[in-house]
Amino acid sequence: MASVIQVRIDDDIREKADDLFKSLGTDTTTAIRIFLVQALQVDGFPFEIKRMPSNPMTPLSSVEIENKLALSRKHTVEGKTKPADRMVAEMRTKYGL
């Protein structure tokens with residue numbers, strides 16, 4: 001049997017979340033299921049919750065951007081990347097989604 005959970009959120013957040021998860025090869029409903037399954041597996045939130053000492057959306061300097069791009073290129077060369085659709089398929093298989 002399946003249950004329905006209803007959550008009220010701002011339209012803007014919903015649209016941005018839908019766009020994000022679509023770009024990752026899934027949808028918002030599946031992303032919420034993944035969150036719940038992960039929470040059960042770790043017996044808590046599947047990420048760290050803490051107060052941010054500063055704004056995490058602070059723009060990066062050009063040097064910081066170049067460093068992040070260099071690290072991304074290094075990971076690509078080392079084969080430490082996966083296509084998003086493959087990752088989502090693996091998660092769906094692993095968690096029965």
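In this text the structure is predicted, and so the values were computed from the model without any measurement.
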Test side chain to side chain contact (heavy atoms under 4.5 Å, CB included) applied to Arg73 and Val77, Thr76, Leu69, the passing residue: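 Only match with Arg73 under side chain to side chain contact (heavy atoms under 4.5 Å, CB included): Leu69.
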Flag if over 12 foreign heavy atoms under 6.0 Å of CD1, Ile5: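 No.
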Verify the neighbour count for atom CZ of Phe45: are there more than 12 heavy atoms of other residues, nucleotides or ligands below 6.0 Å?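 No, because the 6.0 Å sphere around CZ of Phe45 holds 12 heavy atoms or fewer from other groups.
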Between [atom1] of [X] and [atom2] of [Y], what distance do you get to the nearest 0.5 Å?
X     : Y     : atom1 : atom2 : answer
Ile32 : Asp27 : CD1   : CG    : 9.0 Å
Thr26 : Ile34 : OG1   : CD1   : 5.0 Å
Thr81 : His75 : OG1   : NE2   : 10.0 Å
Glu78 : Leu71 : CD    : CG    : 8.5 Å
Asp43 : Gln38 : CG    : CD    : 13.0 Å
Asp10 : Glu15 : CG    : CD    : 10.5 Å

Connected via hydrophobic side-chain network under 4.5 Å: [X] and [Y]:
X     : Y     : answer
Ile13 : Leu24 : no
Ile9  : Val4  : no
Val42 : Met91 : no

N-O pairing of Lys22 and Asp18 below 4.0 Å: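 Here Lys22 does not pair with Asp18 in a salt bridge, since their nearest N and O are not under 4.0 Å apart.
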What I want to find out is whether Arg86 reaches Glu90 closely enough, with some N-O distance under 4.0 Å, to be called a salt bridge.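 Yes.
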Heavy-atom distance under 4.5 Å between the side chains of [X] and [Y], does that happen here?
X     : Y     : value
Leu20 : Lys16 : no
Phe35 : Val37 : no
Gln41 : Tyr95 : yes
Arg92 : Thr30 : yes
Phe21 : Thr28 : yes

Minimum heavy-atom distance between Val88 and Gly25, given as atom pair plus value: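 It is CG1-O, 3.8 Å.
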